[in-house]
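Down below is the structure, laid out as structure tokens.
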Amino acid sequence: QPQLAFTRQDVRRMRFYAGLQEVLTQHERRLFGKITEEILNTQQDKSRLGVYYLLDWMLRRGEMEFTVLGVIAASQQLSAKIAPTQEVAPEMIHAVIDILRAGEYLNVVGNEQDQVQIGDVNAQKEPRYKLTARRLAELRGLAGAFAAEAVALQSAPALAQKIGPY
């Protein structure tokens with residue numbers, strides 16, 4: 001008789017992504033709105049695929065911090081058929097980040113007490129985000145599944161940072 005067999009790692013991976021999907025499903029209306037068009041499922045699939053790609057990008061960051069501008073830049077790398085439009089992308093990305101923060105997937109990163117700051121420390125800064133320690137631990141438990149992807153992530157060039165005119 002046919003059987004399905006899952007390793008513990010397989011079960012952990014399914015639980016992680018099922019939990020993430022549940023969080024997204026709870027906030028479906030906020031993310032995708034109400035689409036009333038003839039080909040309803042096609043448009044929803046494109047929107048969902050765009051959100052899933054952005055989620056994947058955020059999860060791949062691992063311990064690295066990111067900003068909304070970084071996510072917007074990542075969204076512009078998507079196919080024009082699934083990427084959110086430039087007018088919609090920032091609003092949608094803010095919604096995804098808010099949902100992930102509420103679901104305890106992301107934290108806002110603050111400056112450490114001993115961190116050097118150059119320039120106007122009181123200037124309004126763009127918030128930085130990173131995965132919570134709990135989600136990082138869950139993802140590390142899935143490390144075997146992502147070994148090939150981790151190599152690609154480590155070889156990605158660092159984004160240039162700008163301080164004032166420098």
Side-chain angles (χ1 to χ4, degrees), residues 12-34 44 46-78 82-143 145-147 149-166:
R12 280 192 298 257
R13 184 176 337 133
M14 285 185 269
R15 283 187 183 144
F16 178 82
Y17 286 109
L20 185 57
Q21 179 61 36
E22 189 170 321
V23 168
L24 293 176
T25 302
Q26 290 171 357
H27 299 280
E28 200 168 59
R29 189 181 256 345
R30 181 176 177 196
L31 285 174
F32 308 113
K34 184 174 181 179
Q44 280 186 341
K46 288 179 184 178
S47 297
R48 286 179 200 283
L49 198 52
V51 168
Y52 292 144
Y53 275 114
L54 295 177
L55 281 170
D56 183 58
W57 184 88
M58 289 181 216
L59 293 175
R60 286 174 185 254
R61 307 311 298 160
E63 293 182 19
M64 294 186 286
E65 300 171 2
F66 61 89
T67 63
V68 170
L69 290 177
V71 182
I72 290 172
S75 77
Q76 293 170 349
Q77 302 300 316
L78 297 174
I82 60 170
T85 63
Q86 288 184 356
E87 298 80 25
V88 174
E91 183 180 325
M92 185 185 78
I93 290 167
H94 279 288
V96 169
I97 288 174
D98 290 345
I99 290 165
L100 292 178
R101 286 186 62 210
E104 299 178 355
Y105 282 84
L106 295 179
N107 280 333
V108 176
V109 178
N111 290 330
E112 299 296 325
Q113 294 292 336
D114 60 348
Q115 186 177 9
V116 174
Q117 296 182 17
I118 300 174
D120 184 5
V121 277
N122 295 321
Q124 185 72 348
K125 296 181 183 180
E126 184 179 8
R128 298 179 324 253
Y129 305 94
K130 78 182 222 181
L131 291 173
T132 62
R134 172 181 164 209
R135 302 307 180 177
L136 279 170
E138 290 173 354
L139 282 174
R140 283 190 188 112
L142 306 176
F146 302 125
E149 295 175 11
V151 171
L153 180 61
Q154 290 172 354
S155 64
L159 296 175
Q161 300 235 348
K162 185 176 178 181
I163 299 174
Y166 305 100

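Residue numbers run from 1 in the order of the sequence given.
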- Closest non-hydrogen atom pair between T132 and E104, with its separation: OG1-O, 3.1 Å

- Item | Main-chain N/O of L106 paired to R135 side chain as donor or acceptor, under 3.5 Å | no

- Counting heavy atoms not belonging to R30, are there more than 12 under 6.0 Å from its CZ? yes

- With side chains defined as the heavy atoms from C-beta onward, is the minimum distance between L131 and L100 less than 4.5 Å? no

- Message: Measuring only between side-chain heavy atoms, which start at C-beta, is I72 closer than 4.5 Å to P90?
- Response: yes

- Message: Looking at E138 and F16, would you say the former's side chain and the latter's main chain have a donor-acceptor pair under 3.5 Å?
- Response: no

- Say you draw a straight line from CE of M92 to CG of L31; how long is it, rounded to the nearest 0.5 Å? 7.5 Å

- Considering non-hydrogen atoms only, spot the tightest contact between Y105 and G19 and give its length. OH-C, 3.3 Å

- Query: Could you give the distance from NE2 (H27) to CG (D98), rounded to the nearest 0.5 Å?
  - Reply: 9.5 Å

- To the nearest 0.5 Å, how far apart are CD in Q21 and CD in E28? 8.0 Å

- Would you indicate whether the side-chain heavy atoms of L20 and L59 approach each other to under 4.5 Å? yes

- Task: With L54 as reference, evaluate L49, V71, V96 under the side chain to side chain contact (heavy atoms under 4.5 Å, CB included) test and give the passing residue.
- Result: V71

- Item | Y17 and L55, any side-chain heavy atoms less than 4.5 Å apart | no

- Query: Between R61 and Y129, is any pair of side-chain heavy atoms under 4.5 Å apart?
  - Reply: no

- Point-to-point distance, once rounded to the nearest 0.5 Å, from CE of M64 to CE of M58: 13.5 Å

- Query: Any side-chain heavy atom of I97 within less than 4.5 Å of one from V68?
  - Reply: yes

